[in-house]
There are 2 protein chains.
Amino acid sequence: MAAHRTAADPLEHPHLTTVGLLVETHAGFTSAAERGLGATGGLSLQWFELLLRLARTPGHRLRMSALAAQTTLSASGLTRAVDRLEAEGLVRREACPTDRRSSYAALTGEGEARLRRVLPHHLEHLVEVFDRTFDAEELATLCGLLRRLRDAVNPQAACASSDAAVEVGAGTAASAS
Amino acid sequence: MAAHRTAADPLEHPHLTTVGLLVETHAGFTSAAERGLGATGGLSLQWFELLLRLARTPGHRLRMSALAAQTTLSASGLTRAVDRLEAEGLVRREACPTDRRSSYAALTGEGEARLRRVLPHHLEHLVEVFDRTFDAEELATLCGLLRRLRDAVNPQAACASSDAAVEVGAGTAASAS
DNA sequence: TAGAGTTATTTGCACAAGCAACCATTGCGC
DNA sequence: GCGCAATGGTTGCTTGTGCAAATAACTCTA
């Protein structure tokens, strides 16, 4: 019941509700994915994301710093995460031949197998949600708008794909973009 | 460079890139907000969200469980978070007169002041992003699509507003919705 | 009213994450 | 070649988080 034509209360600013929608949508996807991935193949969402990034990269390996940049993890967080993945045999560290400071995180065969094992169920869920909610045109519109918003708010991600591609000298985009 | 007409590699499924966009957008907003709120008023994003939820609720108070349901926190996580907020004087616990198990988290005057102090700068950033990226019609389209997606993926959030309103017996929506 | 079953919140514990400090390596300027 | 700043990665420490158990209070039924 805020005033109508006087300056509206900033608490009711529509942009707040828009980001609220974004956050709630993200939360919904996240919790559903966490549940589904855990039940299907014992993967946490974070492990899934890391394995997926690696699997989508030509050569199936990425420098630690590149991998950290593509996720929400800090460098130290990634170190520990890769420790755990390595202990589980899903990833292995490889020395970088040109720079002995760097190391690659490389997807193992078992890592890819685990990923591909959970993928069908995960995709099934996504198809269920998207295709039940939108027709093809709406989905394309949403993607377009989201991409522009992503580029506006997170410009690093926009060029992460090309960076990562350059990383290993291949042409195909590595990141989601 | 995946096959064109044979069954595409599930790793390249377009829905994966769509949720990737959503995640990256969310990450972008999150980190920018965290930085901005921290610099402006020493609020973490989580504190901001909690204070905002309370401020947008008629009566400026919410049951612990309702507050937990509206955020990504578990019940125990919220207990600790409210502990910290209470220690800072931004929130106080109030006993629920009708159910002695429950307690309300109520916004204090100082809490609202802190919130309103950081809000202008935060909104300024949002306006900057949204208005530079979209015209009014595109923004409305995005909101509509996002709302439907949110409802599909996180149906609890859709009715959280009415629940919360019933909570304190008022008619105005409390949640972002 | 007594008791079984549920619900709201709080604690114990283990784990994951970030920051800052640290070590090793690289590249640059002299 | 040699020091020096910058870079990539890993560790110590502190904090925050969820899960499970515990506590307290409510509801329903007999």
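Just so it is clear: chains get the letters A, B, ... in the order the sequence lines come, proteins before strands, and each one is counted from 1.
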Listed partners of Glu94(A) passing side chain to side chain contact (heavy atoms under 4.5 Å, CB included), at least two apart: Arg61(A), Arg92(A), Tyr104(A), Ala106(A)
Pairwise 5' ranking along DNA chain C for Ser76(B) and Ala75(A), keeping only the more 5' one: Ser76(B)
Any donor-acceptor pair under 3.5 Å from Arg53(B) side chain to Gln70(B) backbone: yes
Single hit among Val129(B), Leu21(B), Leu22(B) for side-chain contact (heavy atoms from CB on, under 4.5 Å) with Leu149(A): Val129(B)
Arg63(B) side chain to Ser103(B) backbone, donor-acceptor under 3.5 Å: no
Side chain to side chain contact (heavy atoms under 4.5 Å, CB included) between Thr72(A) and Thr30(B), intermediate numbers included: CA-CA 10 Å; Thr72(A) 59; Thr30(B) 293; over 6 Å; no
Donor-acceptor under 3.5 Å (Ser74(B) side chain, Gly77(B) main chain): yes
Side-chain donor/acceptor of Thr17(A) to backbone N/O of His13(A), under 3.5 Å: no
Near-strand residues of residues 78-91 of chain B, defined as heavy-atom separation under 4.0 angstrom from DNA chain C: Thr79(B), Arg80(B)
Atom pair distance, as rounded to whole Å: CZ in Arg63(A) and P in dT10(D): 12 Å
dT10(D) OP1/OP2 closer than 4.0 Å to side-chain N/O of Arg93(A): yes
Between dT15(D) (C1') and Glu34(B) (CD): distance, integer Å: 14 Å
Test log, rule side chain to side chain contact (heavy atoms under 4.5 Å, CB included), inputs Thr25(B) and Val153(A): CA-CA 7 Å; Thr25(B) 307; Val153(A) 88; 4.3 Å; yes
Sugar-phosphate only, base, or nothing, as touched by Thr72(A) at under 4.0 Å among non-hydrogen atoms: sugar-phosphate
For Val19(A), all residues meeting side chain to side chain contact (heavy atoms under 4.5 Å, CB included), sequence neighbours excluded: Phe29(B), Leu126(B), Phe130(B)
Strand contacts (DNA chain C) in residues 39-46 of chain B, 4.0 angstrom heavy-atom criterion: none
Base versus backbone protein contacts along nucleotides 22-27 of chain D [heavy-atom cut-off under 4.0 Å; B, S, -]: --BBS-
Touch class at under 4.0 angstrom, heavy-atom based, for Ser102(A) against every strand present: sugar-phosphate
Note, His26(A) side chain near Asn154(B) side chain (heavy atom, < 4.5 Å): no
Within-4.5 Å side-chain heavy-atom neighbours: Asp135(B) and Glu138(B): yes
Outermost nucleotides of DNA chain C that come under 4.0 Å of a non-hydrogen atom of chain A: dA16(C) to dT26(C)
